[in-house]
Amino acid sequence: RIVRRILRQKPPLNISIQTADIAFMEILTLSPKHRYIGTYPGKTPPKRSGGRVERDSPSEKERHVLIVDDDPSFRSLLRLMLGQTGWPLAEIWEAEDSDNALEICRTKPVDLVFCDLNLANLLNPANFHSKNGLEVIRELRVIRPKLPIFMVTAENKEALIRLVYATGATGHLLKPINLRTLKSIL
């Protein structure tokens with residue numbers, strides 16, 4: 001309204017920079033429903049609930065994901081990012097070592113695994129016995145041969161990547177993972 005009133009003034013249009021700045025700031029502080037000039041083109045935007053886009057087809061199966069990493073902050077971050085992808089998720093399990101990861105895969109319906117390469121946590125003596133990610137992949141291939149497994153690591157050496165794929169990994173993701181990359185593999 002303020003901008004329209006200013007623009008309706010007849011010449012000379014004497015608007016100082018300060019007046020224009022004040023008008024612009026008042027426009028920015030309007031409530032969100034008043035910020036748009038026209039209506040949304042076409043149908044209304046999709047409804048969102050809890051950060052996930054509602055799906056049109058009820059036939060999409062909700063997935064069960066396992067995150068295997070000795071770093072709790074990375075597990076939390078990946079859990080959060082998976083929720084932001086809009087992918088239908090039933091449950092996300094976390095394992096900090098190889099034994100827990102293998103036990104979850106034996107007893108629960110896991111659909112996708114993200115596994116760190118280096119699982120031995122030297123700061124936590126309880127996890128020192130843990131196998132590395134390559135050994136976890138080898139054992140998972142025996143238990144669940146068709147399970148998609150993505151190796152997550154900060155190392156980007158070509159020989160290591162070839163070894164990861166030769167071991168049986170479905171893919172290789174570099175840390176830090178961004179949301180666009182995560183969406184592209186899902």
Side-chain angles (χ1 to χ4, degrees), residues 32-33 35-36 39-98 100-119 121 130 132-141 143-186:
K33 70 177 187 176
R35 283 191 196 161
Y36 302 106
T39 59
Y40 185 82
K43 295 181 178 180
T44 59
K47 302 243 185 255
R48 295 190 178 266
S49 62
R52 290 174 40 190
V53 176
E54 291 180 12
R55 301 293 177 173
D56 291 336
S57 69
S59 64
E60 287 192 39
K61 178 184 165 195
E62 290 189 333
R63 310 293 180 185
H64 298 83
V65 179
L66 172 62
I67 302 169
V68 186
D69 199 309
D70 56 340
D71 182 11
S73 60
F74 180 77
R75 290 194 312 259
S76 298
L77 176 66
L78 187 54
R79 173 186 282 271
L80 179 70
M81 290 175 73
L82 283 167
Q84 292 174 345
T85 61
W87 206 48
L89 296 170
E91 197 163 356
I92 300 174
W93 294 294
E94 296 180 12
E96 64 180 13
D97 61 14
S98 59
N100 289 339
L102 294 170
E103 183 62 29
I104 290 171
C105 284
R106 283 187 191 103
T107 60
K108 299 187 179 182
V110 177
D111 297 312
L112 175 65
V113 175
F114 292 97
C115 184
D116 187 24
L117 177 65
N118 301 314
L119 290 176
N121 187 347
S130 183
N132 69 19
L134 296 174
E135 293 168 332
V136 172
I137 290 175
R138 284 187 194 108
E139 290 194 30
L140 285 177
R141 285 292 167 229
I143 300 169
R144 309 266 306 274
K146 297 192 186 260
L147 179 66
I149 306 168
F150 286 89
M151 180 64 69
V152 182
T153 182
E155 299 179 38
N156 195 17
K157 297 175 185 159
E158 189 176 331
L160 177 66
I161 294 171
R162 275 194 240 129
L163 182 60
V164 165
Y165 283 107
T167 305
T170 308
H172 170 258
L173 298 173
L174 280 175
K175 287 182 182 178
I177 298 174
N178 64 37
L179 192 57
R180 182 181 299 161
T181 304
L182 197 58
K183 284 181 177 180
S184 70
I185 65 165
L186 297 177

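By the side-chain hydrogen bond (donor to acceptor under 3.5 Å, both in side chains) test, Arg79 pairs with Glu94, sequence neighbours left out. Qualifying side-chain hydrogen bond (donor to acceptor under 3.5 Å, both in side chains) partners for Lys108, counting only residues two or more places apart in sequence or in other chains: none. Arg106 pairs by the side-chain hydrogen bond (donor to acceptor under 3.5 Å, both in side chains) definition with nothing, not counting sequence neighbours. Take Glu103 and apply the side-chain hydrogen bond (donor to acceptor under 3.5 Å, both in side chains) test, not counting sequence neighbours, and it matches no residue.
What you find for Ala101 and Leu66 is that their closest heavy atoms are O-CD2, 3.8 Å. Of all non-hydrogen atoms in Ala95 and Arg75, the two that sit nearest each other are O-CD, 3.8 Å. The two residues Glu96 and Asn100 make their nearest non-hydrogen contact at CG-ND2, 4.3 Å. Considering every non-hydrogen atom in both Cys105 and Ile143, the closest pair reads O-CG2, 4.3 Å.
Here the straight-line distance linking atom CG of Asp116 with atom OG of Ser98 works out to 12.0 Å at 0.5 Å rounding. Taken from SG in Cys115 to CG in Asp69, the straight-line distance is 8.0 Å, to the nearest 0.5 Å.
Within the 4.5 Å cutoff, no side-chain heavy atoms of Leu140 are placed close to those of Val110. Residues Leu134 and Leu117 form a side-chain contact, since some pair of their non-hydrogen atoms from C-beta on lies under 4.5 Å apart.
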Between Arg63 and Leu112, is the side chain to side chain contact (heavy atoms under 4.5 Å, CB included) condition met? List the steps.
CA-CA 8 Å; Arg63 310 293 180 185; Leu112 175 65; over 6 Å; no
Does the pair Asp111 and Lys61 meet the rule for a side chain to side chain contact (heavy atoms under 4.5 Å, CB included), with working shown?
CA-CA 10 Å; Asp111 297 312; Lys61 178 184 165 195; 3.4 Å; yes
Stepwise side chain to side chain contact (heavy atoms under 4.5 Å, CB included) test for Val65 and Leu78:
CA-CA 11 Å; Val65 179; Leu78 187 54; over 6 Å; no
Run Asp97 and Asp70 through side chain to side chain contact (heavy atoms under 4.5 Å, CB included) and show every step you take.
CA-CA 6 Å; Asp97 61 14; Asp70 56 340; over 6 Å; no
Taking distance alone, no hydrogens or angles, what donor-acceptor pairs closer than 3.5 Å link side-chain atoms of residues 157-166 to residues at least two apart or in another chain?
unit_1: Glu158; atom_1: OE2; unit_2: Arg162; atom_2: NH2; d: 2.7
unit_1: Tyr165; atom_1: OH; unit_2: His172; atom_2: N; d: 3.4

Ignoring hydrogens and angles, write down the donor-acceptor pairs under 3.5 Å from the side chains of residues 178-186, residues two or more places apart or on other chains.
unit_1: Asn178; atom_1: OD1; unit_2: Arg180; atom_2: N; d: 3.3
unit_1: Asn178; atom_1: OD1; unit_2: Thr181; atom_2: N; d: 2.7
unit_1: Asn178; atom_1: OD1; unit_2: Thr181; atom_2: OG1; d: 2.7
unit_1: Ser184; atom_1: OG; unit_2: Thr181; atom_2: O; d: 2.7

Indicate every side-chain donor-acceptor pair of residues 146-156 with a distance under 3.5 Å to a residue at least two apart or in another chain.
unit_1: Thr153; atom_1: OG1; unit_2: Glu155; atom_2: N; d: 3.2
unit_1: Glu155; atom_1: OE2; unit_2: Asn118; atom_2: ND2; d: 3.4

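The list of ring pair (Phe, Tyr, Trp, His ring centres under 6.0 Å) pairs with a residue in residues 64-83, not counting sequence neighbours, reads His64-Trp93.
Salt-bridge check for Lys175 with Asp71: failed, with every basic side-chain N at 4.0 Å or more from each acidic carboxylate O.
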